[in-house]
*Asks:* 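Below is a structure I'd like to ask you about.
Along the sequence shown, the residues carry numbers beginning at 1.
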Amino acid sequence: MFKKLIVTLVSIFLLAFNANAGSDGELVLKKKQPKEIKDCFEKLNRTTFAFNQGLDKAIIKPIAKGYRKLPNGIQKGTKNAVTNLSSLVTIPNNILQGDIKTAIINTGRLVVNTTVGLLGTIDVANKMGFPKYEKEDYGQTLGAWGVGPGCYVVLPVLGPSTIRDTAGSFANVLGGDPWYNASIHGNNEFLSESTYIASRALGGINFRSDNLESLDNLESNSIDFYASLRSLYLQDRENKIKNNQRGKVEVIYKDEEDWEEIDSK
């Protein structure tokens with residue numbers, strides 16, 4: 001029972017990470033402010049943020065750098081497989097948001113990539129001309145339904161979130177993620193808790209690897225890195241809920257001279 005509780009808690013953290021890890025690394029600095037969201041727990045959030053920064057520098061960032069040294073084919077295959085698994089959460093959220101057409105497209109993409117694409121390691125659907133894939137999660141669905149974000153929070157290890165987005169992650173372990181159900185509750189010889197956790201961890205490592213330069217650039221150019229990441233996350237989530245400006249997120253930063261733009265690419 002205790003083991004199941006630990007696995008569930010770890011899974012929620014990893015799912016929240018994958019919900020948060022949505023930027024492609026392109027950071028654009030704009031003067032436009034995001035819709036104000038209260039930082040109700042700022043003192044605690046900043047303490048957690050400092051802890052996360054120490055953990056990132058000591059463990060996560062070095063692992064991400066090592067991951068980058070792997071052959072490009074392995075990195076690409078891993079990213080494709082993780083993205084393919086994420087469609088198991090995206091499809092039900094497409095339906096919950098009333099986007100049936102996209103749900104059908106993403107189901108076709110999942111079937112093609114899982115079979116012909118060797119368990120998703122090859123994005124065959126993309127080569128066949130399927131429309132671009134966009135991730136959805138239960139936090140986005142709650143937002144699309146009109147649920148407010150609540151207070152901004154910083155989760156240990158995982159970083160930026162909101163009350164709504166963190167609560168949305170619980171839907172995954174309550175039956176909303178077929179991959180979680182098959183691995184944790186499937187009772188089969190092919191899947192296990194360790195397989196599930198490893199797949200989610202790989203998603204986090206892949207995200208950190210993709211954002212090494214952009215986050216370093218943001219940190220070195222920010223007067224207050226905490227505030228910059230908060231704005232980055234909140235604007236990115238707002239854009240995802242509105243289904244606009246995909247792949248580009250705005251971040252607030254003001255230097256001693258003027259507003260400027262950071263483009264990591």
Side-chain angles (χ1 to χ4, degrees), residues 14-15 17-26 28 64 67-141 143-144 168 171-172 175-183 186 188 190-191 195-196 198-211 214 236-237 239-249 263-265:
L14 291 173
L15 288 163
F17 184 93
N18 282 274
N20 299 346
S23 170
D24 68 349
E26 187 176 355
V28 178
Y67 174 79
R68 270 200 178 180
K69 295 179 181 180
L70 295 174
N72 289 333
I74 294 178
Q75 292 185 54
K76 188 173 182 180
T78 300
K79 184 173 183 177
N80 288 341
V82 169
T83 299
N84 191 54
L85 283 174
S86 73
S87 64
L88 291 170
V89 172
T90 292
I91 293 168
N93 279 284
N94 289 146
I95 296 172
L96 289 172
Q97 293 176 33
D99 195 351
I100 306 302
K101 179 180 178 181
T102 302
I104 294 173
I105 291 172
N106 285 334
T107 300
R109 173 184 284 276
L110 173 65
V111 172
V112 169
N113 284 344
T114 303
T115 54
V116 183
L118 303 177
L119 300 179
T121 55
I122 304 172
D123 191 351
V124 177
N126 185 58
K127 299 179 186 297
M128 292 174 62
F130 276 69
K132 184 180 178 182
Y133 173 73
E134 302 290 358
K135 293 182 181 179
E136 297 285 346
D137 58 64
Y138 291 99
Q140 288 170 251
T141 294
N172 294 281
D177 182 359
W179 177 239
Y180 174 86
N181 292 333
S183 300
N188 62 76
F190 303 105
L191 299 175
T195 302
Y196 176 81
S199 67
R200 294 305 184 187
L202 281 173
I205 293 170
N206 182 77
F207 167 76
R208 189 63 182 92
S209 175
D210 284 346
N211 287 275
S214 57
D236 186 38
R237 292 299 286 174
N239 288 335
K240 285 187 170 74
I241 290 169
K242 293 179 179 178
N243 291 318
N244 62 14
Q245 297 181 5
R246 294 285 189 158
K248 179 172 286 191
V249 290
D263 185 352
S264 65
K265 302 227 173 162

*Asks:* Extract all donor-acceptor atom pairs below 3.5 Å that involve side chains of residues 110-119 and protein atoms in other chains or at least two apart in sequence.
*Replies:*
| from | atom 1 | to | atom 2 | distance (Å) |
| --- | --- | --- | --- | --- |
| Asn113 | OD1 | Val124 | N | 2.9 |
| Asn113 | OD1 | Ala125 | N | 2.9 |
| Asn113 | ND2 | Asp123 | OD1 | 3.2 |
| Thr114 | OG1 | Asn84 | ND2 | 3.0 |
| Thr114 | OG1 | Leu110 | O | 2.6 |
| Thr115 | OG1 | Val111 | O | 2.6 |
| Thr115 | OG1 | Val112 | O | 3.3 |

*Asks:* Measuring from atom CH2 of Trp179 to atom CG of Leu88, what distance do you get when rounded to the nearest 0.5 angstrom?
*Replies:*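 Answer rounded to 0.5 Å: 8.5 Å.
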
*Asks:* Taking salt bridge (charged side-chain N to carboxylate O under 4.0 Å, His left out) as the cut-off, I'd like each qualifying pair that reaches into residues 72-85, sequence neighbours left out, listed once.
*Replies:*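 Checked against salt bridge (charged side-chain N to carboxylate O under 4.0 Å, His left out) - neighbours excluded - the pairs reaching residues 72-85 are Lys79-Asp210.
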
*Asks:* What residues form a side-chain hydrogen bond (donor to acceptor under 3.5 Å, both in side chains) with Ser183, not counting sequence neighbours?
*Replies:*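 Once residues adjacent in sequence are excluded, Ser183 has no partner under the side-chain hydrogen bond (donor to acceptor under 3.5 Å, both in side chains) criterion.
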
*Asks:* Just jot down the side-chain hydrogen bond (donor to acceptor under 3.5 Å, both in side chains) partners of Asn126, sequence neighbours excluded, or say none.
*Replies:*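 Asn126 satisfies side-chain hydrogen bond (donor to acceptor under 3.5 Å, both in side chains) with no other residue.
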
*Asks:* Once you round to the nearest 0.5 Å, how far does CD of Glu134 lie from CG of Asn94?
*Replies:*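 Atom-to-atom, Glu134:CD and Asn94:CG are 10.5 Å apart.
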
*Asks:* Working to the nearest 0.5 Å, report the span between CD of Gln97 and CD1 of Ile241.
*Replies:*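 Atom-to-atom, Gln97:CD and Ile241:CD1 are 9.0 Å apart.
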
*Asks:* So do the side chains of Ile122 and Lys127 get within less than 4.5 Å of each other, counting heavy atoms only?
*Replies:*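 Yes - at least one pair of side-chain heavy atoms lies under 4.5 Å apart.
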
*Asks:* Considering all heavy atoms of both residues, which atom of Tyr138 and which atom of Ala171 are nearest to each other, and what is their separation?
*Replies:*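 Heavy atoms only, the tightest pair is CG-CB, 3.6 Å.
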
*Asks:* By side chain to side chain contact (heavy atoms under 4.5 Å, CB included), which residues pair with Lys101, not counting sequence neighbours?
*Replies:*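 Asp99, Ile105.
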
*Asks:* Starting at CZ of Phe207, measure out to CG of Leu202 and round the result to the nearest 0.5 Å.
*Replies:*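 Between atom CZ of Phe207 and atom CG of Leu202 there are 15.0 Å.
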
*Asks:* Quick check against the 3.5 Å criterion: does Thr90 have a side-chain atom that pairs as donor or acceptor with the backbone of Glu136?
*Replies:*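 It does hold such a pair.
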
*Asks:* Among Val82, Thr195, Asp177, whose side chain to side chain contact (heavy atoms under 4.5 Å, CB included) with Arg200 holds?
*Replies:*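 Output: one option passes, namely Asp177.
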
*Asks:* Restricting to non-hydrogen atoms, name the atom on Gln140 and the atom on Arg237 that form the minimum distance, rounded to 0.1 Å.
*Replies:*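 Answer, listing the atom of Gln140 first, then Arg237: N-NH2, 3.5 Å.
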
*Asks:* Should the ring pair Tyr180 and Tyr196 be called parallel, tilted or perpendicular, given that the plane angle runs from 0 to 90° and is split at 30 and 60?
*Replies:*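 Geometry flag for Tyr196 against Tyr180: perpendicular rings.
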
*Asks:* Quick one: list whatever passes side chain to side chain contact (heavy atoms under 4.5 Å, CB included) with Ile104, sequence neighbours left out.
*Replies:*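 Only Ile100 meet the side chain to side chain contact (heavy atoms under 4.5 Å, CB included) criterion with Ile104.
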
*Asks:* Closest heavy-atom contact between Pro92 and Ser87?
*Replies:*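 Looks like CD-O, 4.4 Å.
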
*Asks:* Roughly how far, to the nearest 0.5 Å, is CG of Leu70 from OG1 of Thr78?
*Replies:*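 Going from OG1 on Thr78 over to CG on Leu70, the span is 7.5 Å.
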
*Asks:* Establish, from distance only, whether the side-chain atoms of Asn93 and Thr141 form a donor-acceptor pair under 3.5 Å.
*Replies:*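 Result is yes, a qualifying pair exists.
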
*Asks:* If I compare all heavy atoms of Pro131 with all of Arg109, which pair ends up nearest, and what's the gap?
*Replies:*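 Taking every non-hydrogen atom into account, O-NH2, 2.6 Å.
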
*Asks:* With salt bridge (charged side-chain N to carboxylate O under 4.0 Å, His left out) as the rule and sequence neighbours excluded, what pairs involving residues 83-92 come up?
*Replies:*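 Counting only pairs at least two positions apart or across chains, no salt bridge (charged side-chain N to carboxylate O under 4.0 Å, His left out) contact touches residues 83-92.
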
*Asks:* For Tyr67, give me all partners under side-chain hydrogen bond (donor to acceptor under 3.5 Å, both in side chains), at least two apart in sequence or on another chain.
*Replies:*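 Once residues adjacent in sequence are excluded, the partners of Tyr67 under the side-chain hydrogen bond (donor to acceptor under 3.5 Å, both in side chains) criterion are Asn206.
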
*Asks:* My understanding is that only residues two or more places apart in sequence, or in another chain, count here; which of them pass side-chain hydrogen bond (donor to acceptor under 3.5 Å, both in side chains) with Asn80?
*Replies:*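 For Asn80, no residue satisfies side-chain hydrogen bond (donor to acceptor under 3.5 Å, both in side chains) once neighbours in sequence are set aside.
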
*Asks:* Asn172 and Gly168: which non-hydrogen atoms are nearest, and at how many Å?
*Replies:*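 Closest heavy-atom pair between Asn172 and Gly168: ND2-O, 3.8 Å.
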
*Asks:* Residues in side chain to side chain contact (heavy atoms under 4.5 Å, CB included) with Ala64, at least two apart?
*Replies:*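 Only Arg208, Ser209, Leu212 meet the side chain to side chain contact (heavy atoms under 4.5 Å, CB included) criterion with Ala64.
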
*Asks:* First locate atom CG of Leu96, then atom CD1 of Ile91, and finally report the distance between them rounded to the nearest 0.5 Å.
*Replies:*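 Leu96 CG to Ile91 CD1: 12.0 Å, rounded to 0.5 Å.
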
